[in-house]
Amino acid sequence: MSKVLVIGGGGREHAIVDALSRSSQVSQIYCAPGNAGIAQQATCVPIKDTDVNALLAFAQENGVDLTVVGPEAALAVGIVDAFRAAGLPIFGHTQAATQIESSKEFAKVIMSKYGIPTAAYESFTQYEPALAYVRTHSFPTVIKYDGLAAGKGVVIAQTFEEADNTLRDMLLDASFGEGKVVIEEYLQGPEFSFMAFVDGQRVYPMPLAQDHKRAFDGDKGPNTGGMGAYTPLPFISDQDQQFALKMILQATADAMVAEGKPLSGVLYGGLMKTPDGIKVIEFNARFGDPETEIILPLLATDPYEVFSRVAHAQPLSPLNWRQEATIGVVLASKGYPGSYEKGHVITGTEHFSGRIYHMGTRMQDGQLLTNGGRVMMCIHTAPTFAQAKTELYNDIKNIHCDNLFYRNDIAHQAE
């Protein structure tokens, strides 16, 4: 029986903890720092997810057999490198491999060099040349901050004025920190998420999912970290999926090996089905959030076996997945993704019959309180989308809080 440490404290990490709790090989789960929901299934440890030295010391002192990293920030500061140097098994990419997410330009260079389909682009560190480039191109155009920005460093500028304001924000005001921007051509078509466990050149695909980035119904409002997700995707054919697996995920894994930066965790492909074929919008170096919350519950293979074998660079048998329609809706604080209040009481979660993964909650004096922008994700699984959606939205009505909102149209593209 094994002890596992999960790094992170959001909905993604709650889904990882929940999956590991179903393994017959796991005797103890720690989570750093965790949240109020995770605390019901694991021992929460008050250590920040980027405090590598403290996390390493905890793992050593408590005889942790395997560590699973959730957030990109922890990967980007080199937690995997530190644990491996100390001889501790850890699931996640090295700091060098994490550049596939932590640097938009790095990812673009890799895709260009190895012929992986993506949008045309240019990179800039100075405001004036970037503005001059935008001036000669059509709108909308895509502007991305070249670094980690918690899912908020991408703007689809509809006008020159919006592009100008975005470039000022990112390059002159350094809203996300000093750095550069990547300006891309605007692609059109349905977006989808394709995640895979990757160990060097071995790629084990997960079911496809679609995230809903916009805050409000009808895909209106500002971009968020994700307001809901669902699987499977009726608009992506088996042929599409095989192309994406071979020409994008496998090709990227091979490219990273060739570059001396092999992947060893989850590769997340944010993809788009354009009129010219499937192309990469972005790569992430970890589980997507909120996609993980609807994907991991479908994993029929022992989750510990998967994480452990990838961490030890051991081959896996083909993974088994339950073939069911799954929909998840995020309950978010009013005002998100802008400013919002914390500390509002949540009741009725015990009457929700599906799965609830906590994203930003805390307990105080026996009450469950909001403690983030995205607060929790409610999930239902059923044989059909219609059944899953009906049951989910009826069930959400059992949860009460005066400061939460959610979208009513998650999975609308599946209907």
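From a predicted model like this one, the values you see are computed outputs, not experimental measurements.
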Report yes or no: do [X] and [Y] form a side-chain donor-acceptor pair below 3.5 Å?
{"X": "Q25", "Y": "E305", "answer": "yes"}
{"X": "D254", "Y": "Q201", "answer": "yes"}
{"X": "N35", "Y": "H14", "answer": "no"}
{"X": "E72", "Y": "N284", "answer": "no"}
{"X": "S264", "Y": "R84", "answer": "yes"}
{"X": "Y268", "Y": "R286", "answer": "no"}
{"X": "S193", "Y": "E291", "answer": "yes"}
{"X": "T292", "Y": "D289", "answer": "no"}
{"X": "Q28", "Y": "T43", "answer": "yes"}
{"X": "Y393", "Y": "N408", "answer": "no"}

If you look at every heavy atom in [X] and [Y], which pair is closest and at what distance?
{"X": "V182", "Y": "K104", "value": "CG2-CB, 3.9 Å"}
{"X": "I156", "Y": "P140", "value": "CG2-CB, 3.9 Å"}
{"X": "G228", "Y": "V330", "value": "N-CG2, 3.9 Å"}
{"X": "G343", "Y": "L369", "value": "O-CD2, 3.7 Å"}
{"X": "T361", "Y": "V375", "value": "CG2-O, 3.4 Å"}
{"X": "G200", "Y": "P262", "value": "CA-CB, 4.4 Å"}

Proximity of Y30 and F58 rings by center, below 6.0 Å: yes

Main-chain N/O of [Y] paired to [X] side chain as donor or acceptor, under 3.5 Å:
{"X": "T118", "Y": "V280", "answer": "yes"}
{"X": "K389", "Y": "I410", "answer": "yes"}
{"X": "Q210", "Y": "E191", "answer": "yes"}
{"X": "D169", "Y": "N165", "answer": "no"}
{"X": "E259", "Y": "A255", "answer": "no"}
{"X": "Q99", "Y": "A96", "answer": "yes"}
{"X": "E101", "Y": "A285", "answer": "yes"}
{"X": "R322", "Y": "P297", "answer": "yes"}
{"X": "H380", "Y": "A388", "answer": "no"}
{"X": "R12", "Y": "F287", "answer": "yes"}

When you look at [atom1] of [X], are more than 12 heavy atoms from neighbouring residues, nucleotides or ligands closer to it than 6.0 Å?
{"X": "K334", "atom1": "NZ", "result": "yes"}
{"X": "E161", "atom1": "CD", "result": "no"}
{"X": "Q126", "atom1": "CD", "result": "no"}
{"X": "D238", "atom1": "CG", "result": "no"}

Under the side chain to side chain donor-acceptor pair (under 3.5 Å) test against Y304, which residue among S2, S24, S21, S23 passes? S2

For the side chain to side chain donor-acceptor pair (under 3.5 Å) test, which of R214, R407, H212 pairs with D219? R407

Which of these, V329, T326, I327, sits in a side chain to side chain contact (heavy atoms under 4.5 Å, CB included) with Y230? I327

Rounded distance [0.5 Å steps], [atom1] in [X] versus [atom2] in [Y]:
{"X": "S333", "Y": "N403", "atom1": "OG", "atom2": "CG", "result": "5.5 Å"}
{"X": "Y340", "Y": "L404", "atom1": "OH", "atom2": "CG", "result": "12.0 Å"}
{"X": "C378", "Y": "E293", "atom1": "SG", "atom2": "CD", "result": "11.0 Å"}
{"X": "I79", "Y": "T50", "atom1": "CD1", "atom2": "OG1", "result": "9.0 Å"}

Side chain to side chain contact (heavy atoms under 4.5 Å, CB included) assessment of T141 paired with Y186: CA-CA 5 Å; T141 194; Y186 176 71; 5.6 Å; no

Check this for me, if you would: do [X] and [Y] make a salt bridge, where the nitrogen-to-carboxylate-oxygen distance has to be below 4.0 angstrom?
{"X": "E105", "Y": "K180", "value": "yes"}
{"X": "K213", "Y": "D211", "value": "yes"}
{"X": "E184", "Y": "K108", "value": "yes"}

Show, in sequence, the C-alpha distance, side-chain angles and deciding distance for V69 and F83, and conclude whether the side chain to side chain contact (heavy atoms under 4.5 Å, CB included) test is met. CA-CA 11 Å; V69 185; F83 272 59; over 6 Å; no

Is there a side chain to side chain contact (heavy atoms under 4.5 Å, CB included) between K48 and L55? Walk through the geometry before answering. CA-CA 8 Å; K48 190 177 179 183; L55 292 166; over 6 Å; no

R22 side chain near L20 side chain, heavy-atom distance below 4.5 Å: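 Answer no - side chains too far apart.
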
Between K279 and M272, does the side chain to side chain contact (heavy atoms under 4.5 Å, CB included) criterion hold? Intermediate values first, please. CA-CA 5 Å; K279 297 187 179 184; M272 179 177 282; 5.5 Å; no

